[in-house]
Amino acid sequence: MPVWRLNEREISFPDPTLARSDGLLAVGGDLSIERLLLAYTHGIFPWYEPGQEILWWCPKQRFVIDPKEIHVSHSMKKYMKKHELKMLLNRDFADTMHRCRLKREFAEGTWITDEMEAAYLRLHQASYAVSVEVLEDGRLAGGLYGVSIGKCFFGESMFSEKENGSKAALILFARFLEREQFVMIDCQFHTSHLERMGGRYLSWQAYNQALAKGLQGLLV
């Protein structure tokens with residue numbers, strides 16, 4: 001299956017079902033607000049390493065969490081009872097994204113480049129990207145950020161400043177999304193950590209149906 005090269009002058013993508021077996025769909029283009037919104041609303045997202053051209057992905061199977069199915073382990077329940085936890089939305093988007101970048105760079109390398117930080121800050125300023133932070137007994141414990149369109153949240157990355165910080169952020173945010181009747185948290189790729197918190201695979205057909213339901217009535 002060929003990988004499509006995007007034209008920077010034209011905001012478009014090939015049919016998502018044309019992605020390779022590893023999920024790679026296209027290369028090139030830009031990280032403009034218009035292109036990012038078109039990508040996310042069709043199940044496509046950018047993910048590439050520093051020095052590479054922009055790579056656009058659309059895996060045939062998607063790993064998602066239904067907000068009402070978030071799993072809270074026994075140890076997390078004890079932790080959440082022990083501490084006063086407060087969730088904040090958009091405390092400082094740029095800071096949260098940068099903390100995600102620093103934590104990943106220290107541990108395993110990151111795709112969060114200067115270009116990505118600038119692009120998602122523009123999305124945030126346009127009200128499409130959201131940061132979530134949790135305070136533990138008044139101190140920043142962890143957080144996450146992602147893209148929110150309609151009733152779908154597309155998670156990008158998480159960070160912890162304290163043990164359980166990112167888990168607490170995801171649990172409290174999932175409960176918030178459930179109250180707001182969100183359809184899904186799109187985790188994009190599988191991790192054992194997210195699986196333990198309720199993540200599961202969806203076929204492309206099931207994912208596309210959930211995406212359509214979450215975006216119903218939107219013109220993006």
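All values below come from the heavy atoms of this structure, side chains included, with hydrogens, waters and symmetry mates left out.
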Q: Sorted by first residue and then second, give each salt bridge (Lys or Arg N to Asp or Glu O under 4.0 Å) pair with at least one member in residues 23-36; sequence neighbours left out.
A: D30-R35
Q. CZ of R20 to CG of D22: how many Å apart, nearest 0.5 Å?
A. 4.0 Å
Q: Under the salt bridge (charged side-chain N to carboxylate O under 4.0 Å, His left out) rule, collect the residues that match up with D15, sequence neighbours excluded.
A: none
Q. Would you say L55 and L38 are hydrophobically clustered, going by side-chain heavy atoms of ILVMFWY under 4.5 Å?
A. yes
Q) Taking the side chain as C-beta and beyond, is there a heavy-atom pair between M184 and L211 under 4.5 Å? A) yes
Q. If you take all heavy atoms of A129 and N90, which pair is closest and at what distance?
A. O-OD1, 4.2 Å
**Q.** Short side-chain donor-acceptor distance under 3.5 Å, Y207 and D186
**A.** yes
Q. Which heavy atom of E49 sits nearest a heavy atom of Q52, and at what distance?
A. N-OE1, 2.8 Å
Q. Between I11 and S32, which heavy-atom pair has the shortest distance, and what is it?
A. CD1-OG, 4.0 Å
(Q) Using ring centroids (six-membered ring only for Trp), state whether F182 and F153 fall under 6.0 Å. (A) no
Q: Just do the side-chain contact (heavy atoms from CB on, under 4.5 Å) check on Y48 and T113 with the steps written out, would you?
A: CA-CA 9 Å; Y48 60 102; T113 62; 3.9 Å; yes
Q) Do V130 and L88 sit in the same hydrophobic cluster, where Ile, Leu, Val, Met, Phe, Trp and Tyr count as joined when their side-chain heavy atoms come under 4.5 Å apart? A) no
Q) Counting only N and O atoms by type, is there a donor-acceptor contact under 3.5 Å from the side chain of W57 to the main-chain atoms of W47? A) yes
Q. Is it true that a side-chain atom of W204 and a backbone atom of R62 form a donor plus acceptor pair closer than 3.5 Å?
A. no
Q. For the residue pair L6 and G29, what are the closest heavy atoms and their distance?
A. CB-N, 3.8 Å
Q) Are I54 and L37 linked, directly or through other ILVMFWY residues, by side chains that come within less than 4.5 angstrom of each other? A) yes
(Q) I'd like to know if L25 and Y40 are part of one continuous hydrophobic network [Ile/Leu/Val/Met/Phe/Trp/Tyr, side-chain heavy atoms within less than 4.5 Å]. (A) yes
(Q) Can you classify the ring geometry of H190 versus Y201 as parallel (below 30°), tilted (30 to 60°) or perpendicular (above 60°)? (A) parallel
Q: Given side-chain contact (heavy atoms from CB on, under 4.5 Å), test M76 with M197 step by step and report yes or no.
A: CA-CA 10 Å; M76 277 303 295; M197 297 191 72; over 6 Å; no
(Q) Restricting to non-hydrogen atoms, name the atom on A168 and the atom on L85 that form the minimum distance, rounded to 0.1 Å. (A) CB-CD1, 4.2 Å
Q: Can you run down the salt bridge (Lys or Arg N to Asp or Glu O under 4.0 Å) pairs that involve residues 142-161, sequence neighbours left out, and say none if there aren't any?
A: R99-E161, K103-E161
Q: Measure up the H124 and F93 rings against each other and bin them: parallel (under 30°), tilted (30 to 60°), perpendicular (over 60°).
A: parallel
For residues 171-180, dump all side-chain donor-acceptor pairs below 3.5 Å to protein atoms at least two apart in sequence or in another chain.
none

Q.
Using the rule that Ile, Leu, Val, Met, Phe, Trp and Tyr join whenever any side-chain heavy atoms are under 4.5 Å apart, tell me whether F159 and M87 fall into a single cluster.
A. no
Q) Which distance, rounded to the nearest 0.5 Å, do you find between the CD of Q188 and the SG of C58? A) 10.5 Å
Q | N/O donor-acceptor pair under 3.5 Å between H98 side chain and A94 backbone | A | no
Q) Side chains of S203 and N208: closer than 4.5 Å at any heavy-atom pair? A) no
Tell me which donor-acceptor pairs under 3.5 Å the side chains of residues 132-150 have, and how far apart each pair is, sequence neighbours excluded?
residue, atom, partner, partner atom, Å
E133, OE1, R91, N, 3.1
E133, OE2, T96, OG1, 2.6
E133, OE2, S131, OG, 2.7
E136, OE1, Y79, OH, 2.7
D137, OD1, E84, N, 2.9
D137, OD2, H83, ND1, 2.8

Q | Pairs touching residues 189-214 that satisfy salt bridge (Lys or Arg N to Asp or Glu O under 4.0 Å), sequence neighbours left out | A | E69-R200
Q) Just wondering, do L36 and R122 contact through their side chains at under 4.5 Å, heavy atoms? A) no
**Q.** Exercise: identify the closest heavy-atom pair between I112 and M97
**A.** CG2-CE, 3.7 Å
Q | Backbone of S160 reached by a side-chain donor or acceptor of K167 within 3.5 Å | A | no
Q: Check the pair I185 / L170 against side-chain contact (heavy atoms from CB on, under 4.5 Å), numbers first and verdict last.
A: CA-CA 10 Å; I185 300 171; L170 182 57; 4.2 Å; yes
Q.
As a test of understanding, state which of F45, F63, F154 forms a ring-ring contact (aromatic ring centres under 6.0 Å, His included) with F189.
A. F45
